[in-house]
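One structure below.
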Protein chains: 2
Amino acid sequence: MSDCDTCVVRNRAICSALVPDELAALGKLGRKQMVSRGQTLVWEGDESLVVANVIQGVLKLSVSTQDGREQIVGVVFPSDFIGRPFGKESPYGVTALTDAEVCIFTRTAFDGFAKEHPDLQHKLLQRTLDELDRARQWMMLLGRKTASERIATLLIEISDRLGAAGCSPIAPFLEKFELPMDRQQMGDLLGLTIETVSRQLTKLKEAEIIELPDRRSVVIKDRRRLENIATAA
Amino acid sequence: MSDCDTCVVRNRAICSALVPDELAALGKLGRKQMVSRGQTLVWEGDESLVVANVIQGVLKLSVSTQDGREQIVGVVFPSDFIGRPFGKESPYGVTALTDAEVCIFTRTAFDGFAKEHPDLQHKLLQRTLDELDRARQWMMLLGRKTASERIATLLIEISDRLGAAGCSPIAPFLEKFELPMDRQQMGDLLGLTIETVSRQLTKLKEAEIIELPDRRSVVIKDRRRLENIATAA
DNA sequence: CGGCTTGCTTGACCTAGGTCAATGCGGCTT
DNA sequence: AAGCCGCATTGACCTAGGTCAAGCAAGCCG
């Protein structure tokens, strides 16, 4: 049984749609689980057996071709929901980018519970609609943006989402943060190669728009200019 | 008041979640409307004022950059749902690719009705999840596939979706069909230029995988080979 | 301390697909 | 039937980003 009362994401995850009694009932179905960096929770093409809420850490959703090309199709942060409820196999794999903690449910148990709780379903619908909007924005990036626009967009997006994931209500975004992924994964997310990612980052560094204190850290020195590059203004 | 009893998509659109009484109530809120090719139903960035079901025809969802680059982020066929329920502005425009007929609702009226009808919301959630899966598959295409893989994938997809939209239960896909878009729009959907689209189509024609009887028609002569190209096998 | 390992950067070169500029062609209009 | 007009195709050339191949720096371990 999960201890929902002390869960750090209880006010932001879909669980926030529930009243205490309902929350307790859902808590009985779920179980907290640690996932270490690189570990895969769901394999692409497998039957969708589990769904989960992210408590801590960052995970990727990814699709691959037979010949090994990979595209990351989504990145989930704390309080986000993972998985494909209501039947079907999962069309993408789910793998931890950092050590993470999730609150996991068997899909069938979750589906049953959701059917009985329209408020939960409503919340899930809202989230799915938001996720769809984000996916579509990313389609624009992949289809039409240049390499430098892509990198700038990614840095802004990570800064925003890590800011939103933090509990502080006064930090809409972060100016210094740790990348939750390596260069290869940035490439897989942006539809670029590792070399292009690296070159574009050094270009931004040389233009004094960002600093790169170490391989995982980014400091945004001139957010305005970065945003201009990102939106192709 | 719409005449739902005779609606050609009543068994496939989200309305199929409703019992006759409910359907009549929803029908009172909606109104059938013709949209002619090229006409825009919703502008990118505008407040989301309407939602709709597609009865006939094909529409595109698209996003543009300030400097005029366009990416089509979705294509909707008969029985599909259009719009961004539950608040927010629409992050993409909706424009008819062919003459079309839609069953349109004001967003607020629809939202109110949906809140009272969990079955309808459930159907909407399922559709949104499917749409999200499709968007993510397309992200793989835009991020990692070559031009010929993209064109092949598009032809298969259109053939499948036009087949599914037809009422015949024995036609899972079509071997001859009319493209619901011109070359430019194919490019905007695939993240390619018009010239590359044209060159790839003639390449497929010369390989005798397809025929192009006129600018809008396609005949798939060797579906197996086309599928192999599409999946990068 | 030196030698590995792992991930990142940099450089030199190449190519898929973009750009620019004709040319073609079917359908309308007069 | 001649002239447009709006696409689509084709060709010649160019470039952003991919590929291939060294280097390089930080952590780690003996």
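We name chains A, B, ... by the order of the sequence lines, and we start the count at 1 in each one.
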Requested in this report: Using a 4.0 Å heavy-atom cut-off across all strands, classify A/Arg183 as base, sugar-phosphate, or nothing.
Outcome: sugar-phosphate
Query raised in the report: How long is the line joining CZ of A/Arg216 and P of C/dG7, in whole Å?
Result: 9 Å
Requested in this report: Take atom NZ of B/Lys205 and atom C1' of D/dA8, then tell me their distance rounded to the nearest Å.
Outcome: 10 Å
Query raised in the report: Which comes earlier along DNA chain C counting from the 5' end, the contact point of A/Arg215 or that of A/Arg144, where each point is its nearest nucleotide?
Result: A/Arg215
Query raised in the report: What is the distance, rounded to the nearest whole Å, between atom CD1 of A/Ile194 and atom P of C/dT9?
Result: 9 Å
Report task. Go through D/dC7, D/dA25, C/dC20 for me and flag the one nearest to the B/Glu195 side chain. Result -> C/dC20
Query raised in the report: Of the nucleotides D/dT19, C/dG17, D/dA8, which has the atom closest to the B/Ala147 side chain?
Result: C/dG17
Query raised in the report: Could B/Asp160 and B/Arg223 be called an ion pair, given the rule that one side-chain N must be under 4.0 Å from one carboxylate O?
Result: yes
**Report entry** Whole-Å distance separating the CG atom of B/Leu190 from the P atom of C/dG18
**Finding:** 10 Å
Report summary line: From the candidates C/dT19, C/dG17, D/dT19, the one with an atom nearest any side-chain atom of B/Thr146 is C/dG17
Query raised in the report: Does D/dG18 have OP1 or OP2 sitting under 4.0 Å from an N or O in the side chain of A/Thr193?
Result: yes
Report task. Give the rounded distance in Å between these two atoms: NZ of B/Lys203 and P of D/dT10. Result -> 13 Å
Report task. Mind checking A/Leu201 for me? I need base, sugar-phosphate or nothing, with any heavy atom below 4.0 Å counting as a touch. Result -> nothing
Query - Nucleotide nearest B/Ser198 (side chain, heavy atoms from C-beta), chosen from D/dG18, D/dT9, C/dC8 - result: D/dT9
Query raised in the report: So, A/Asp182 and A/Arg215, do they make that salt bridge, N to O below 4.0 Å?
Result: no
Query raised in the report: Does the distance from a Lys or Arg side-chain N to an Asp or Glu carboxylate O, for A/Arg84 and B/Asp130, drop under 4.0 Å?
Result: yes
Query raised in the report: Hey, are A/Thr40 and A/Thr95 close enough side-chain-wise for a donor-acceptor pair under 3.5 Å?
Result: yes
Query - Length of the line joining B/Leu97:CG and D/dC7:P, which is rounded to integer Å - result: 14 Å
Query raised in the report: At under 4.0 Å between heavy atoms, what does A/Gly187 touch on the DNA or RNA strands: base, sugar-phosphate, or nothing?
Result: nothing
Query raised in the report: If you count the non-hydrogen atoms of other residues, nucleotides and ligands that lie under 6.0 Å from CD in A/Glu175, is the total more than 12?
Result: no
Query raised in the report: B/Gln184 has an atom CD; how far is it from atom P of C/dG18, in whole Å?
Result: 11 Å
Query raised in the report: Between atom CG in A/Leu179 and atom P in C/dC8, what is the gap in whole Å?
Result: 10 Å
Query raised in the report: Side chain of A/Arg199, base of C/dG11: donor and acceptor closer than 3.5 Å?
Result: yes
Query - Side chain proximity check, B/Pro91 to A/Arg136, heavy atoms < 4.5 angstrom - result: no
Report task. With heavy atoms under 4.0 Å as the rule, sort A/Asp214 into base, sugar-phosphate or nothing. Result -> nothing
Report summary line: Quick note, A/Thr196 side chain, CB onward, closest among C/dG18, D/dA25, D/dG18 is D/dG18
Query - Listed nucleotide nearest any side-chain atom of B/Thr202, set C/dG17, D/dT9, D/dG11 - result: D/dT9
